[in-house]
Amino acid sequence: MTSSPSAFPHSSDSMDDSKTVLTHLIKTRLQGAISKVFPEADPGLIQLQICTNPRYGDYQCTSVMAIAKGLKLNPRKAAEEVLEHLDLSGVASDPELAGPGFINIRLLPEAVTQALLQAARTGSCFVQPSDQTQTMVIDFSSPNVAKPMHVGHIRSTILGDSLARVARLLGHKVITDNHIGDWGTQFGKLLVGWKKHLDAANLAKDALGELERLYRMVNQACEEDEAVLEEARQELVALQRGDENNLAIWKEMKEVSRLQFDQIYERLGVVFDHAHGESFYNDHLHSVVQALTEKGLARDSQGAKVVFFEGQPDLEDHPALILKKDGGANYTTTDLATLDYRRKQWQPDEIIYVTDGRQQLHFRQLFAIFKQWQPESNILLSHTWFGSILGSDGRPFKTRSGDTIKLNDLLDEAEERALRAIKEKNPDLPEQTANELASIIGIGAVKYADLLPNRQTDYVFDWDKMLSLSGNTAPYLQYACTRIRSIFRKASLDEAAFLAECIASNMELVMESTHEQTLARKLIHFGLILESVLSDHRPNYLCNYLYELAGTYTSFYEHCPVLKSEGSVQTSRLLLCSLTRQVLEKGLGLLGIQTPSFM
RNA sequence: GCGCCCGUAGCUCAGUUGGAUAGAGCAACUGCCUUCUAAGCAGUGGGUCGCAGGUUCGAUUCCUGCCGGGCGUGCCA
């Protein structure tokens, strides 16, 4: 909070004030005023909302009504009291009290223009890092060794990556960890296949395809011949006991898988800080079982070691196995060991698990066990789950022959389809340029289509829709960016130089058209949107915001000619163009989507 | 059986601790390219938010029941 009379000094000497973003300032003052009247209210619940209807202003706050309800107070009187302590002079006109207790806030035109100039000066994109920096571990993607990454991995990978990017931009310390499935019963069968049926040439060409072929072959043989099944069991036992030959083969299977994972991650532009697979925790499993047993949380049942949830109605009927009767641990045990390791290693405030919704019960169990095991820990454990990708028939998305769709094939097709559209529009493009463009557009389209729906709903995969280049798609947003770049090209202006000139000359902004004003106000919302994306783990808020922003911009673009205008009108419009491009590209970047320089 | 999720325009989907007049794209219809990329813009039509109750200043949102669908439910993850 600043005590300076001017929220936005023209000089950048005063570091604190010059970097305070407008929405952040309003929100902080609002929280201050509410806390003063209701010290017992949780400041985290005090939200600054964007007005759905501009008639009521730019921002509104409904938190006071919620607080008053909890305290059984008259909401309107409560809001009146808050207003007495709310000072927004310099940035907004006097806040209005409306209806049962809405607080409506209308920005002053000069606050809007100052915010634009500040963004031009600092490159902040109207975003300010959080005052409370947190350490968060994000666990996502998690492919299985010896299985090709398929369409089922895409949501976890893209959601997790996007959340990590947003959290980092908001100033948090983020640790991304790919919990690869590199241990388990499937390796018995794989070892049999590797030893008896390995096609080395195919392994070199398509390692995961070959491993998948081996697995299928042996899996089928097991169903037909008990002897093969027994052989697989023996190989697994040997592996688990540390047989050198089996360990060597297992390591090679891991390595060839890792190379193919890395290829896909490079294609997707996804980077992990760590990739501790399940096997990383093998040595800790026993001590987890021991600790839970000693604490009296786990006990023997039907030959296995089981945690029961007495007194917890939602889990009472669903005990969790932590040791199978054959003595092997399962994924609950591994996940507990992983959780314990992460706590010790990184001391996170939050751990986010990005997996599909079918694992909800598992994570409820996991979190409940951990809470009993280490009640002193106050890590926020979040299961950020998502729905399935469906085909046009409403069934899980598969190939025509009923196989799962491999991620590489999916990305290939996206690029091919994008390339076709590009060549149709621009047949003279050099081959390599067209290919690069196709990659940016094709991969971007797939990612955007995946992030756009509410993550908890199943969505229907639709090539034509995601690449249709109109409507709420990545290409539409990318196109808006290229049109902006095109304006600067046409004007023979270097955008960076233009911005520097604007700042140096301490320019006056002129925004007489409602299209300009609407665009300017929309830009300022960006930071608030990102905060809600992170708090709800929902990048689709960002998608919808970017689409609205692009729509607002194209409307401005149609009605407010830039190059034909003159003087300060033109400079102001150019600034709006530049800031829009910055926010769009920053936003797309947070979704893991690149922007081409032309289309 | 029990648990979780879903049911919003013809279709595909948004809808931020409950908030003011429920939105968008596609499809349909009407305008706009000698004018910064028409991959666009402006506009029209289209809804008992599955059904029935309840909670309150206010419910698509929360609670209860019912109908319909998906997923999960002790030795895969």
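Proteins come first, then strands; the chains are lettered A, B, ... in the order of their sequence lines, and each starts at number 1.
The residue A/Asn454 sits close only to the backbone: its heavy atoms come under 4.0 Å of sugar-phosphate atoms, none of a base. Using a 4.0 Å heavy-atom distance criterion, A/Cys560 is classed as a base contact. Here A/Thr554 lies in heavy-atom contact (under 4.0 Å) with sugar-phosphate atoms only. Counting non-hydrogen atoms under 4.0 angstrom, A/Ala98 reaches a base of the nucleic acid.
Not a single donor-acceptor contact under 3.5 angstrom links the side-chain atoms of A/Lys564 to the base of B/U35. Under 3.5 Å, the side chain of A/Thr52 and the base of B/U21 form no donor-acceptor pair of N or O atoms. Not a single donor-acceptor pair, N or O on each side, falls under 3.5 Å between the base of B/U16 and the side chain of A/Arg538. Remark: the A/Asn104 side chain and the B/A20 base include a donor-acceptor N/O pair separated by less than 3.5 Å.
Note on A/Arg483: a side-chain N or O is less than 4.0 Å away from OP1 or OP2 of B/A38. Residue A/Ser555 places at least one side-chain N or O under 4.0 Å from the OP1 or OP2 atom of B/A42. Proximity of A/Thr473 to the phosphate of B/A39: no side-chain N or O atom is located under 4.0 Å from OP1 or OP2. Side-chain nitrogen and oxygen atoms of A/Asn472 include none within less than 4.0 Å of the OP1 or OP2 phosphate oxygen of B/G23. OP1 or OP2 of B/U17 has at least one side-chain nitrogen or oxygen of A/Gln49 nearer than 4.0 Å.
Between A/Val460 and A/Gln60, the one whose closest nucleotide on RNA chain B sits nearer the 5' end is A/Val460.
With hydrogens and angles left out, the side-chain atoms of A/Asn454 and A/Tyr459 include no donor and acceptor closer than 3.5 Å.
Taking atom P on both B/A77 and B/G65, the two are 35 Å apart, rounded to the nearest angstrom. Nucleotides B/U16 and B/G23 place their P atoms 13 Å apart, quoted to the nearest Å.
Remark: P of B/U12 and CG of A/Asn540 are 19 Å apart, rounded to the nearest angstrom. One interatomic measurement links the two molecules: OH of A/Tyr476 to P of B/G40, which rounds to 7 Å at whole-angstrom precision.
A stacked arrangement is not assigned to A/Phe102 and the six-membered base ring of B/G19, the conditions of a centre distance below 5.5 Å and an interplanar angle below 30° not being jointly met. In this structure, A/Tyr541 forms an aromatic stack with the base of B/U16, since both conditions hold: centre separation below 5.5 Å and plane angle below 30°.
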| said: Base contacts versus sugar-phosphate-only contacts with protein, heavy atoms under 4.0 Å: please encode nucleotides 69-77 of chain B as B, S and - from 5' to 3'. | reply: --SSSBBSB
